[in-house]
Amino acid sequence: MLVVAELLLQGLTEVLTPPNLMAITLGVVAGIVLGAFPGLDSTVGAALFIPVTYGMSATQALLLLAALYGGAVYAGQIPAILFRIPGASEAVVTTLDGYAMARKGQAGKALGVGLVTSLLGGLFGVTTLILLAPLLANVALRFGPAEYFALGVLGLTAIAGLSGRSITKAVISALIGLLLATVGIDPITGVARFTFGQSMLLSGVSFIPAVIGLFAVAEVFKQASRPQVVRALDETELRTGRRLRVELPSLGELRRMAGLIARSAVIGAWVGILPGVGATTAAIVGYSQAVRLSREPDKFGTGVPEGLAASETANNAAVGGAMVPLLALGIPGSATTAVMLGAFLMHGLKAGPLFLVQQERLAFTLFVGMGVATLLIFPFALLAVRPFVALLRIPYPMLAAGILAFSAVGARAMGDLYGILMMFCFAVLGYLLERYGFPVAPLVLGLVLGRIVETSLRRALIIAAYDPWMVVSRPITAVLLVLSVLSVAVPAWTRYRTRRAAEK
Amino acid sequence: MRVGKPLVLALCAIMAAGMLFAGGCSRGEKFPSKPIEVIVGWGAGGGTDIFTRNVVPAAEEILGVSIAVVNMPGAASATAMDYVMKQPADGYTVFAITSDILPNAVLGRTPYTPQDLRPLIRAHVDIGLIQVGKKSPFNTWEELVAYAKQNPGKVTIGGTGAGSYDEVAVAVVTRSAGLDVEYVPFDSASEMHAALMGGHIMAMYEETGPAIGMIESGDVWPVLVFAEERLERFPDVPCVKELGLDLPPLQWRGLAVKKGTPEEVCKILEDAFAKACESQQYKEFASKRFLDLYPGFLRGADFAKSLEDELKQYEEILKQLGYKK
Amino acid sequence: MLDGESFFSLALFLISVGLFWRTFSFETMAGYEVLGPGWWPRLLLAAMAVLSAGLFVGRLRWLRRGGERQEETVATGRLLGLTAACFGYAVLMPYLGFLVSTPLFLLAVLLLFGTPRGRVLALLPLGITVLLLVIFVKVLYISLPRGVGPFLYFSRLFY
């Protein structure tokens, strides 16, 4: 323990040298800007900045990229809360309760809760990284295809809680998401599915254009469908003359959500550690857990701070989590850390089990740097939020034009030639679903988890020579599957009981 | 006419913007006289993307125009291929190609074949290896063969993608060794690495670069090299040729333009990129990513010839594997 | 007598049946007979067909029993106009290029939503377009479509 403290102190002095501090600041700022821009996320950001880091020392390069990662994952929530545009894929779940809160006139509070829980999540992720990296990395290795499958199933069970008024509609919505996830080249056999001879469908549904359409553009459609167009998105100021600002949650509020935040942080960090899934899945699994364990699951999605807190804690905790297997095993835990692995190689470093031993100093500098970066997000976030908030006051027609234009380039930012077309298709789908009372959240769940569930199951079956028992009887798989069954069955049973009691 | 004044303002804005972006409008006869785009069929940060971004700066200097790297990920670069074929054959659209264009053509993921391209250079060959980990039931290729012979269909070998280069390479080698193994396709390499270290699969096909951290720590080690000769880097690891097994096609990265591009333009591009592969930055990149373990550089004509041979090889193997089209 | 919701669930049902049938034309591969590419989609589609049929029948019954339709009044014209503008934009952008198609699209959006002043109408679409162009092409080096033919030449003047 003393050794760790000493190393941390050493790391801190290293981080506080001007060049390193510069790199961190640059990373945080770039991350926030890119993250808040629809369609640009930490993966693109890291790829764009790798050439910039060639001229830096290895320490600076890694600090910059790690800070950028944290900043981008945080900033995705800003447009998600204010305009229903998921700024980065990690913020998709944040959109659900964040935007609903903003529409209830609680935009400032939503931004505050989002910021604070992001920081808590981020710090938890870094702490996990510092204390438990080698240990957890080895536990993560126990997760094979069978376990991924069970994890995906557990994530899907949240649909039961997200159902709103009609469970049938929620399940249909989830099925649509799961089906959309099957479009394209089947990852197990390599044959095309549901492509109808269109090359644009071969690579499947691209996630970013899909969610931008489903949320941001569908919302513009919804506003357009109203006989009377709103004057501005947030009329509070027009009415009360009070400026909207970030309202940080009080200690009491945080204490009330303490359990939920702690659980989300643990889940987020853990999902982040698993290679092959990243912060987006972390947010979904975190949210799903919050819904399942809530006493009022029906309130989720209608604009409760709990939903926002679960998602933002989990996805920011996943940042530190994703660094665990990268540093401890040399296996990136997410798409962004996969790009960072490239940066390691370019600087002659070898991420892997030896890294933490041979490059102890660098590793701890990186750890402390990530912690400092997380703290630095706070002041920069307060600055970054201002121009966005100002946009709420401009007349809605102009805002709508802006939202559509930024969404369109966002959908194309990853180089997806058909991204814009796909975005508008999803906008129509999202509009119709909402109009006829189908919740959109289960669709997103299905879209993210569909591939994990299907391909992991098939992969697991190939490994088990098609013996299903061999798959489900693995201990971790079995536990996760039993939990899934329970989380569907228990609420159903209680609902049944209360209804019977009411009838008597 | 109420919009009169704004319209004038708007036109002024266009002109101002035009001056801001000035350049690129002079059209001389000399090639190249405007910016070139290199299309990468993979996402930013991937192996092919990084390769392109490291060869481009030197080429920019040689050609004297700016070269933009454009990512168009999707369907193992099949989408990008379609895009390239729809551009004019004027040399301003260069396509960063990988071995995957061959199975893509054979499997009908794109209507175009490598014959529709004019290859410029093959920059390098990324030699693949069969690698095993601490939890694998065997430590060497010999032991793997013995185990597979005793337990037919039980040995699982991971690779990335289905109907991909990895699957073809693994099939060629294991079939010629008379082994019955299961190929397990993964979406992401990192998930596969974790699966090998966790003992969920018994072996994997992977190149050196992505696995180097695990190799150096001794958690994972290569048992078979997919090349004609042993690699200097791994002198104790046998190669396919010395064991009398069939040599699979190679995994490479290169550059091409659409067929029909004027030959003098192709020549200029070929020379420029060939020279760019000699640059300090590219050389450093290649050595740090272990892409110089094998002499893989080829120029246009030789590259075209090797593509033709490889296409036949892919057709045959994929048919044997049960893929139609 | 069908209302929007029943029509939507009927459409879902028909689509799932159609796609279910479609899964049988997936290529099958030797060695994957047990769990081929069609297995999982078929499972999902079967479930969706059953559920959407149930939803449709339930809604019909409810309507027949005189359930209220309670449909909100919808500005159909504006909604359809916006949809047309969006798809027109997506389809035309590869031909007209980003620089030409975007201001036109944004102009259409502003007109559909009803904009107060002519100056906004002329400047905002161009302003947003130029801003995005600068961010993407000049700062981030991400390419945007330039269009074909004369539009290609026009776009090349700027980026």
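Below, read A as the first sequence line, B as the second, and so on, with proteins coming before strands; counting in each chain starts at 1. Note: hydrogens, waters and symmetry copies are ignored here, and every other heavy atom, side chains too, is used.
In this structure, L141(A) and H200(B) have side chains that are not in contact, with every pair of non-hydrogen atoms separated by 4.5 Å or more. Y148(A) has its side chain within reach of E191(B): a pair of non-hydrogen atoms, C-beta onward, lies under 4.5 Å apart. Contact check for T455(A) versus F186(B): no side-chain heavy atoms found under the 4.5 Å cut-off. I463(A) places none of its side-chain heavy atoms less than 4.5 Å from the side chain of E182(B). Contact check for I462(A) versus P185(B): side-chain heavy atoms found under the 4.5 Å cut-off.
Using a distance-only test at 3.5 Å, with no hydrogens or angles considered, no donor-acceptor pair links the side chain of H193(B) to the main chain of L329(A). The backbone N or O of L202(A) lies less than 3.5 Å from no partner atom in the side chain of R109(B), so there is not a single donor-acceptor pair.
There is no contact between F344(A) and chain B, counting heavy-atom distances below 4.5 Å. When heavy atoms are compared at a cutoff of 4.5 Å, R458(A) does not approach chain B at all. For a residue to count as touching a neighbouring chain, one of its non-hydrogen atoms must lie under 4.5 Å from one of that chain's; by this rule I185(A) touches chain B with the side chain only. Looking at N138(A), there are no atoms closer than 4.5 Å to chain B (heavy atoms on both sides), in backbone or side chain.
Across P332(A), S334(A), P325(A), a single residue satisfies side-chain contact (heavy atoms from CB on, under 4.5 Å) together with S190(B), and that is P332(A).
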